S.K.: 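Here it is, the structure in full.
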Amino acid sequence: MRPHVVAGNWKMNTTRDAARKLTQAIVAGAPKDPRVLTILCPPFVYLRDVAEIVVGSPVALGAQNCHAQPKGAFTGEISAAMLVDVGCTHVILGHSERRHGLGESDGAINDKVHAALAVGLNVILCVGETKEERKDNRMERVFSRHIAAGLAGLKAADLARLVIAYEPVWAIGTGDVATPEQAQEAHAFIRSFIGTSFGFVASESLPILYGGSVTAATAAGLFSRPDIDGGLIGGASLKADEFLAIAKAAVTA
Ligand code: PGA
């Protein structure tokens, strides 16, 4: 059976003190169930604080981005190896706020995927359509492009360290959550596309998360669908009780 994953994407939020308190509360209540992995993705500057608190707990540490190059003259950037050095096991790549807000291309994301896997990180690759693309019924073309380009050059065995997050852009931070039916349909397409490219075993063992305005109230309905294996949570991951209720919903789903 695929593991369920609930990852909190804190984006550019919290203070150092708030990050520590939020982590303490989540570590205290996180599910100790091998079927669910809880991951916290704080801003870079709080990674060490969070790492110190999650050590020895069932909560893993992730970053929100990395650079494709291992080191060098890249002012303001952080390499994948640096993330490992401070205790990260995961990294989010290709988030729509970076694709659309910062102009990150599929090629640049693919370079980062390779860089992250090369140093042993697990990658959470985000894919998803804009409102326009959904209106024009271009979802499957968008998923195919994001996945084919994002995972170019990978072997089936590399997918053991991959998680895909389906994040419709129109649902992120809007309160406009996809229905379980919409999300299931997208996840089923993504899984079959992965199956065609990397084989049945890789696709069946790949966790595919839904992200976009998930709350404690909507989590159980989403996670109960056969191809929805947890969530990438933004706003609701900044409140310990809400985030823990979402993680609990992933245990029982
Ligand atoms: P949201 O963000 O839960 O606040 O919509 C999700 C994400 O961007 O990962």
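Both counts, for ligands and for their atoms, begin at 1 and track the order of listing. Reckoned from all heavy atoms, side chains included, excluding hydrogens, waters and symmetry mates. Bear in mind the structure is a predicted one, so any value in this text is a computation, not a measurement.
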S.K.: Assess S213 for proximity to ligand 1: is some non-hydrogen atom of it under 4.0 Å away?
M.R.: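 Yes, S213 has heavy atoms under 4.0 Å from ligand 1.
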S.K.: Which heavy atom of the protein is the closest neighbour of atom 4 (O) of ligand 1, given with residue, atom name and distance?
M.R.: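 That would be G235 N, 2.8 Å.
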S.K.: Considering heavy atoms of the protein only, find what lies nearest to atom 9 (O) of ligand 1 and give residue, atom and distance to 0.1 Å.
M.R.: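 For atom 9 (O) of ligand 1, the nearest protein heavy atom comes out as E167 OE2, 2.8 Å.
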S.K.: Between the main-chain N or O of G212 and the side-chain N or O of Y210, is there a donor-acceptor pair closer than 3.5 Å?
M.R.: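 Confirmed, Y210 side chain pairs with G212 backbone.
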S.K.: List ligand 1 atoms under 4.0 Å from G173, heavy atoms only on the residue side.
M.R.: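 Those of ligand 1 that fall under 4.0 Å from G173 are 1 (P), 4 (O), 5 (O).
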S.K.: With nothing but distance in play, are any N or O atoms of G212 less than 3.5 Å from an N or O of ligand 1?
M.R.: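 There is no such contact.
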S.K.: May I ask you to decide whether R191 forms a salt bridge with D229, counting only side-chain N to carboxylate O separations under 4.0 Å?
M.R.: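 D229 and R191: salt-bridged.
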S.K.: Compute the minimum heavy-atom distance from S237 to ligand 1 and say whether it is under 4.0 Å.
M.R.: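 For ligand 1, residue contact (heavy atoms, under 4.0 Å) with S237 is absent.
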S.K.: I need the I147 CD1 to D106 CG distance, nearest 0.5 Å.
M.R.: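 The distance works out to 10.5 Å.
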S.K.: Heavy-atom contact check, 4.0 Å cutoff: does A236 meet ligand 1?
M.R.: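 In this structure, A236 fails to qualify as a contact of ligand 1 - no heavy atom is under 4.0 Å.
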S.K.: Restricting to salt bridge (Lys or Arg N to Asp or Glu O under 4.0 Å), what partner residues turn up for E140, sequence neighbours left out?
M.R.: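 Partners of E140 by the salt bridge (Lys or Arg N to Asp or Glu O under 4.0 Å) criterion come out as none, since no residue qualifies.
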S.K.: Tell me which part of I172 gets within contact of ligand 1: side chain, backbone, both or neither, using heavy atoms under 4.0 Å.
M.R.: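 Both parts.
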S.K.: What atoms of ligand 1 come closer than 4.0 angstrom to any heavy atom of H95?
M.R.: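 Matching atoms, with element in brackets: 7 (C), 8 (O), 9 (O).
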S.K.: Please report the shortest heavy-atom distance between D49 and R20, naming the atom on each side.
M.R.: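 Distance-wise, the nearest heavy atoms are OD1-NH1, 2.7 Å.
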S.K.: Within a distance under 4.0 Å of any heavy atom of A171, pick out the atoms of ligand 1 and give their elements.
M.R.: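 In order of numbering, the contacting atoms are 5 (O).
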S.K.: So if I count the atoms of ligand 1 from 1 in the order they appear, which ones are less than 4.0 Å from some heavy atom of N9?
M.R.: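 Result: 9 (O).
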S.K.: Quick test: of every protein heavy atom, which one is nearest to atom 2 (O) of ligand 1, and how far off is it to 0.1 Å?
M.R.: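 For atom 2 (O) of ligand 1, the nearest protein heavy atom is K11 NZ, 3.2 Å.
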S.K.: Closest approach of A219 and A249, non-hydrogen atoms and distance?
M.R.: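 Looking at all heavy atoms of both residues, the shortest contact is CB-CB, 4.0 Å.
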S.K.: Where is the nearest protein heavy atom to atom 3 (O) of ligand 1: which residue, which atom, and how far?
M.R.: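 The closest one turns out to be G234 N, 2.9 Å.
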S.K.: Are L83 and V163 linked, directly or through intermediate hydrophobic residues, by side-chain heavy-atom contacts shorter than 4.5 Å (ILVMFWY only)?
M.R.: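 Unlinked, V163 and L83 end up in two clusters.
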S.K.: Have Q64 and H95 got a donor and an acceptor in their side chains that come within less than 3.5 Å?
M.R.: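 H95 and Q64 do not have a side-chain donor-acceptor pair below 3.5 Å.
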S.K.: With sequence neighbours excluded, what pairs up with R141 under the salt bridge (Lys or Arg N to Asp or Glu O under 4.0 Å) test?
M.R.: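 Not a single residue meets the salt bridge (Lys or Arg N to Asp or Glu O under 4.0 Å) criterion with R141.
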